[in-house]
Each structure stands twice: as structure tokens, then as C-alpha cells.
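Everything on this sheet refers to the single structure shown next.
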Amino acid sequence: MIQITLPDGSVREVAQGTSAMDIAMSISEGLARNVLAAEVNGQVIDAVRPINEDASLKLLTWNDDGGKSTMWHSSAHLMAEAIQHFYPKAKFAIGPPVEDGFYYDIDFGEEILSDKEFKKLEDKMLELAREKNEYVREEVSKSDAIKYFTERGDEYKLELIDGLEDGSITFYTQGSFTDLCRGPHIPNTGFIKAVKLMKLAGAYWRGDEKNKQLTRVYGVTFPKQKDLTDYLTLLEEARKRDHRKLGKELDLFHFSQNVGQGLPLWLPKGADLRARLETFLKNAQKKAGYEPVITPHIGSKSLYETSGHWAKYGEDSFRPIETPHEGEVYMLKPMNCPHHCEIFKSRPRSYKDLPIRYAEFGTVYRYEQSGELHGLTRVRGFTQDDAHIFCAQDQIKDEIGKVIDLVLYIFKTLDFQDFIAQVSLRDPENPEKYIGSKENWDKAEKAIAEVAEEKGLKTVVEYGEAAFYGPKLDFMVRDAIGRKWQLGTVQLDYNLPERFELEYVGADNDRHRPVMIHRAPFGSMERFVAILIEHCAGKFPLWLTPEQVRILPISEKYHDYAQDVLKVLNNSDIRAAVDERAEKIGKKIREAELDKVPYMLIVGEEEQNSSQVSARKQGHGDLGAFSVEDFVKQIEKEIKEMLA
RNA sequence: GCCGAUGUAGCUCAGGGGUAGAGCGUUUCCUUGGUAAGGAAGAGGUCAUGGGUUCAAUUCCCAUCAUUGGCUCCA
């Protein structure tokens, strides 16, 4: 007999060789129907595998990441079986689960798979799923494994087997499909109730562009049809929120082929929105002791040789530009920090000057590969809400704390409520990868971890994710529909102060090297605006939105009164416009709603006679009548509370 | 950069070997109305660009460019 400890601490005594599924069955049949895999002593295995020793056991269902990924991994095999049925010559490379589904990289040889075939494949998968074929695990010797895939002519599997130890090789078979696989898998294909193939993509064998490009088929499966429906609804919602679509509809920005790829043009409303965000951050930064600086869009190539960026990124940058006669070489600036270092160096610095905080909305240009450009989130020219803090080693913790405060203020004001901070530290295995003394790193890493803790941030620590020049603190937000985005970043830098030989005179009258902190709460204005659009589905917070109020006269007779109302609003710095088109009120309302204008003021005979306005809130409908003054007060109050 | 898809009016899209259509928008006219689309008429397109096949190409083929989904990359 062996002892099985369940997550609630209860212990069950069962015969050796009992499987997790048996145990689930003994608890309830309903539970057993949902068990996809089992976590035994921290390791995820097949739910049907016998357990032979005392163990802690967690039954994994669709609600566990481990259960989900097992299901998707098994689904990849199921898809492979369906593909093999129609394309017997297909060779299978790897087919893992991913964050939202699974894929399989497949070599179709001469044939081409089109997404028009998806329906056929999905139907086949469902047909095979209904057969409830078991996923049968089999340990095979290396020579047998090689023999099997040599017969199948699948060089990819052979290459994978080549890297495996004899004795550790397992095959899984369901129905007519056998795959080299470590597992684990769900008990049988019947757990898969809903199937959707998502897209096709090219992917290199082993991710190396020198290797052959395979066809990657993405799919997703669910244990209930409804889960699939919900998922498709979510995707639809994401499409509706796409910043490229909304940016066009709301006249925020535009891309022109004549200007160039990845070079956004900000339209008046977008520029207005962006300027307001910048002002918001400038005000916050002013309070936090930042000083504005302005630097040119180009800089001498030698500046980037000093910084090290030329050596690392020069070849992948926009080509340098030259002066016509002297042949001096300049770069479009890809980073603001070298310029800011030069500002620091513009005169001798004392410890009494520190910390120095230089802030600039600095526009930078980077050559991004054409396939990588995407709306406003990935562009070739963008403006960072950049700042560099030059401080002494013992000021790091304080300064990072202040940056965190700033970031938290921004998140709160813009209604990003769900976020975590990722602390990126050195890879303990490879200490030689990093520049700067071990003592300083130890102190800096400790400072980041402590201050994140003190600020009550939800954090995850990632070892090996630090930059070579210093540890980082990155903020990851979840938007309104649950998608993750990386936003603000705080990075310590020991490298640039070294390369630029930055110094300050300490209290001891010796020269010391300052530490530099790079930070950008938004990241870039382009990317941030894109994320904000998608987060709020184009319904910007009242304080930020370009048009706060639209006045809708019932008919031409009330245009004068509407203009009077407009004047009152404008005098209170409320951004408003009058819709004077000869349209009916229903249409004006409809369009104001679709334009996502937060408030509509309807003015007609009644309002004119009583010196009132009938207010309507976007998405909520009629609010009733107000005097113009009361309405203004209410708007002012609402905005004030938002920016508090 | 690589693989796939797409490119038709300002926008969203339909169509299809015999030089084009809808809705919205826009213009003009009628209508002056009460909480999510009033009516009529008109303007607007070398069907992305360049080649090829064909009696004939916007349609089929190839290339280029751009957009797009991935891959690789990301200071």
C-alpha cells in the first residue's frame, strides 16, 4: 500500500499501482470525467499512469494550467492524426501546447496546406475525438525508435531522437497515430469536444532561419462547445477593440505609404490626445523632481560607438547619414540616453547635485524588420517618455521607489488595475555575462526587490532576464479583456556611466561613478496609446478624450442657444462641439454615441426656455435636465476626481 | 528578412475573361424634427504597381510594393 496526499492535506491509502484516475473515480465520477492529467510530486504525468510510491497528488482539470496544456498537447497529436489521414506524406516536427492553444510544425513536402482545408480537418478531428481513442504510452529503445521513424522517413523525429538518451524515449499512440513524445497526455481523445484550427504560419525547424521552413498549424480545443463559443466571442471583442480599427474610426492616426512603413501620422484628434497624455506626465514628473531636456533627432555616430549601441545594433539600424562636404557621419537617434549622458557631462557634478533627473519625450528611430511592424505598437519612429536618473549607489532604492510611485499613479489614473511587476535579475549560472561589480549588483538587486515589496507590488522574479548592464523592473498590465501587455520599464545601468566616464565629486572629495536609471512609464507614446485604445475600447477617460461634450440642437432654430452653451463650456476648458447638421436628433445622438463622445447635450425649445441642457451619457442614455452651470460643475468634479 | 493570406470608391465590402456594384460617408435640394439611421438627386474608381497569357485582363499567371497572421529580431 502507498500513501497519497491530496492538496487539502488528506491522505489516502491505496494499492501500489493505483492511478490518479482511479483515485479521482473513488472521489466522484463527475470529478473523474474532468481529470485531464495529474501532478504527482510536482511532476505532471498521465492521469492513467500507475503511481508506485507515496506521493502528493493534485488532479488537474481544465481549470489548471497543467490540465489545459496537457489537453492542448494531446490535441496537437489529434490534429496530427487528422492531417496524416489526408496527407499521408506529411512529416511531423514538433507540436507543443502554447498560451492559447497548440501548434504542430509540419513538413508537407510538395503539397501546400490552405486554411480552406481547416473545416475538413476539424471535422476529422472531432470524428476521431468521438472514438475516445486512448493515448497509449510506450517506452521504446532508441534503436526501435530510430527504426520506426526511419521507416516513416521522418528526419525531424530522427533528429530529435538523436538528442535523447536511450531508456528515456517514449511513444504515445492514439488511434492510428504514433508520435515520439515525452507526454503527458489526457486519458483519451473523448475529452476534446470542440476544435478550432486558427491559422497557418511559416516557422523554421528549430527556430533557425538557416533551416527548412515548415508549415505551422495553430489550433485550439476545448472540453465544452460553450468554451469555444466564449473564446471566439473574446477574439471578436479583441477585433472590435483593435487600435488600428478604432484609430481609423476615431480619426486618431494614419499611415501613408508615401511617408513610409511604420511611420505614423498623428491626426488632430490623436495629436490632441497624445499631447494631453504628455502634459499629464510632464506635470507628474515636475512634481517628482524631473527636469526637462531636449536633444536633437540625430547624433554623431561616434556617440553611439561610445555608448556601445553602434557595435551591437549598428548593422541593423537605419544607415548613417553624412554631411555633404565634410563627410561627418550621423545616426538617426535610436536612443536618448547617450545625449542625456552628454548633458550630465556638460559640467562637473557634485554629490550635492544628485540625483539628477532628465526627462524628455524623445523621438527615436529604429529599423524594425518589415514583417514585424504592427499598427502603433511596433513602428520605426516613436517617442519615448524617456528619463534618466543619475544617482549615487545609495540613492538607488529611493529613486526606484519614486519611479514606482509615478507608475502607480499613472496606472490608477488610466484605470489599469490589474498588473504585476517583473523583477529581472542576473542569471546565477553565468555571472560573467554582466558588467559592473558584484557588490553593486547585489545591492541593486536587493534594492529593487525590497522597494517592490515595500510598495506592495505583486511581483514575479525572473533570473537571467536582467540586461547585461543592470537589473530591471518591468510592469505587465492586463487590459480590460484579459490580455497581457508589457508597459513601463525601470532599468538600472552600470554600463553607460562607465562608457561615458560619468563622474561626480563625493563628500570625500574623490571622484565617483554615478548609477543611471532608465525609465519610461508609458514605454512609448505610440505603443501606449495603442494599448490604451484597446484597453478602453476607444472610450477614453473623460479628462483625456479629445471631444468631451457634443451639443446637439434639435433644429436649426436652436443653433444660437447651442452656441451660447458652447461658450460656457469652452470658458470652463471643456472640449465641446456643436453638431449643426440638418439631421434629426436621433441621428445626431447615434453618431455621437458611435464617436464615443462621453456626454451629449440636447438643446431645443424646452432647454432654451428654461436655460437648461438635457444631458445624455455615452452608453447610458438620458440623464435628465441640468442648468449649464450645474452640468459644468459636475464635469469638472468628475475630472478632478479622476486626476486626484 | 522568411512563410502564408489580402489589396476593387474616403470607409466597410460584394463581384467577376467582354474596361464595375452596394451600404456608409461626401455634395446639392427637400425636410426643422425630442433621445441610436427622414427623403431625393449627383459626384466619386486606369479594380495597388509593372510585366506575361489572351482577340480581349480589373478578373488567370509572374514579379514588385503595401497591408495582414505567424516565424526570427527588439537598445
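To find a chain, count down the sequence lines: A is the first, B the second, and so on, and within it residues start at 1.
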Whole angstrom is fine here: how far is it from CZ in A:Phe500 over to P in B:rA75? 17 Å
For RNA chain B, just give me the dot-bracket, please: Watson-Crick or G-U, both distances below 3.5 Å, ( ) intra-strand, [ ] crossing earlier pairs, | paired with another strand, . unpaired. (((((((..((((....[..)))).(((((.......))))).....(((((..]....))))))))))))....
Regarding B:rG34, can its base be found pairing with the side chain of A:Glu607 as donor and acceptor, where the two atoms are less than 3.5 Å apart? yes
Between the side-chain atoms of A:Gln257 and the base atoms of B:rA66, is any donor-acceptor pair under 3.5 Å? no
Separation of A:Asp595 atom CG from B:rA36 atom P, in whole Å? 16 Å
Between A:Phe255 and A:Pro264, is any pair of side-chain heavy atoms under 4.5 Å apart? yes
Check: B:rC74 base within 3.5 Å donor-acceptor of A:Arg378 side chain: yes
Could you tell me the separation between the CG atom of A:Leu601 and the P atom of B:rU35, rounded to a whole number of Å? 16 Å
For A:Tyr561 and A:Ser611, which heavy atoms make the closest approach, and how far apart are they? OH-C, 3.2 Å
Rounded interatomic separation in angstrom, taking CZ from A:Arg366 and C1' from B:rC73: 13 Å
By nearest atom, which of the nucleotides B:rA37, B:rA75, B:rC71 is closest to the A:Lys587 side chain? B:rA37
With the side chain defined as heavy atoms from C-beta on, A:Ile602 is closest, among B:rC73, B:rU35, B:rA36, to B:rU35
B:rU26 to B:rA66 separation - C1' atoms, rounded to the nearest Å: 26 Å
Hey, does the side chain of A:His374 come within less than 4.0 Å of B:rU67's phosphate (OP1/OP2), counting only N and O? no
If we only count heavy atoms from C-beta on, is the A:Val195 to A:Ser75 side-chain gap below 4.5 Å? no
Contact under 4.0 Å: A:Tyr558 side-chain N or O vs B:rG33 OP1/OP2: no
Heavy-atom pair with the smallest gap, counting every atom of A:Lys333 and A:Glu360: NZ-OE2, 3.7 Å
Hey, is the side chain of A:Lys199 poking within less than 4.0 Å of OP1 or OP2 on B:rG70, counting only N and O atoms? yes
From the list B:rG33, B:rA36, B:rA75, which nucleotide is the closest neighbour of the side chain of A:Met335? B:rA75
Most 5' of A:Arg581 and A:Gln491 on RNA chain B, judged by nearest nucleotide: A:Arg581
Applying the salt bridge (Lys or Arg N to Asp or Glu O under 4.0 Å) test to A:Asp105, which of A:Arg206, A:Arg216, A:Lys212 qualifies? A:Arg216
Does OP1 or OP2 of B:rA66 have a side-chain N or O of A:Gln261 closer than 4.0 Å? yes
Determine the interatomic distance between P on B:rG38 and the same-named atom on B:rC24; round to the nearest Å. 10 Å
Distance, rounded to the nearest Å, where A:Arg519 contributes CZ and B:rA75 contributes P: 18 Å
Measuring only the C1' atom in each nucleotide, how far is B:rC11 from B:rG69? A whole number of Å is fine. 23 Å
Of the candidates B:rG34, B:rC2, B:rG69, the side chain of A:Tyr204 sits closest to B:rC2
Name the residue from A:Arg483, A:Lys539, A:Lys484 that meets the salt bridge (Lys or Arg N to Asp or Glu O under 4.0 Å) definition with A:Glu534. A:Arg483
Give one of base, sugar-phosphate or nothing for A:Thr215, where a contact means two heavy atoms less than 4.0 Å apart. nothing
Within this structure, what is the CD-to-P distance between A:Glu368 and B:rC73, rounded to whole angstrom? 13 Å
Quick one: is B:rA75 close enough that its OP1 or OP2 comes under 4.0 Å of any side-chain N or O from A:Tyr313? yes
Give A:Ala582 one of three labels, base, sugar-phosphate or nothing, depending on what nucleic acid heavy atoms sit under 4.0 Å from its own. base
Quick one: do A:Glu591 and A:Arg581 make a salt bridge, cutoff under 4.0 Å? yes
Is the phosphate of B:rU12 approached by A:Lys248 (side-chain N or O, under 4.0 Å from OP1 or OP2)? yes
Examine B:rU68: is either OP1 or OP2 under 4.0 Å from a nitrogen or oxygen in the side chain of A:Arg244? Give yes or no. yes
What nucleotide among B:rA36, B:rG25, B:rG70 has an atom nearest to a side-chain atom of A:Tyr218? B:rG70
Less than 4.0 angstrom between a side-chain N/O of A:Lys557 and OP1 or OP2 of B:rG33, yes or no? yes
Run through A:Val613, A:Ile551, A:Ile635 and flag the one making a side-chain contact (heavy atoms from CB on, under 4.5 Å) with A:Leu569. A:Ile551
Please measure how far the C1' atom in B:rG70 lies from the corresponding atom in B:rG52, and state the result in whole Å. 32 Å
Which sits closer to the 5' end of RNA chain B, A:Ser317 or A:Leu200, going by the nucleotide each is nearest to? A:Leu200
So what does A:Phe255 hit on the nucleic acid, given a heavy-atom distance under 4.0 Å: a base, only sugar-phosphate, or nothing? nothing
How close or far is atom P of B:rG25 from atom CD of A:Glu591, stated in whole angstroms? 6 Å
Rounded distance in Å between the P positions of B:rU49 and B:rG42: 28 Å
When rounded to whole Å, the CD to P distance for the pair A:Gln369 and B:rC3 reads 13 Å
Nearest non-hydrogen partners of A:Cys337 and A:His309, listed with the distance: SG-CE1, 4.4 Å
Between B:rG50 and B:rC13 - P atom distance, rounded Å: 25 Å
Would you mind reporting whether A:Met516 and A:Tyr469 have side-chain heavy atoms less than 4.5 Å apart? no
Suppose you measure atom P in B:rG4 against the same atom in B:rU64; what distance do you get, rounded to whole Å? 12 Å
Given the P atoms of B:rA20 and B:rA9, what is the spacing between them in whole Å? 14 Å
Looking only at B:rG33, B:rA75, B:rG1, the nucleotide nearest the A:His309 side chain is B:rA75
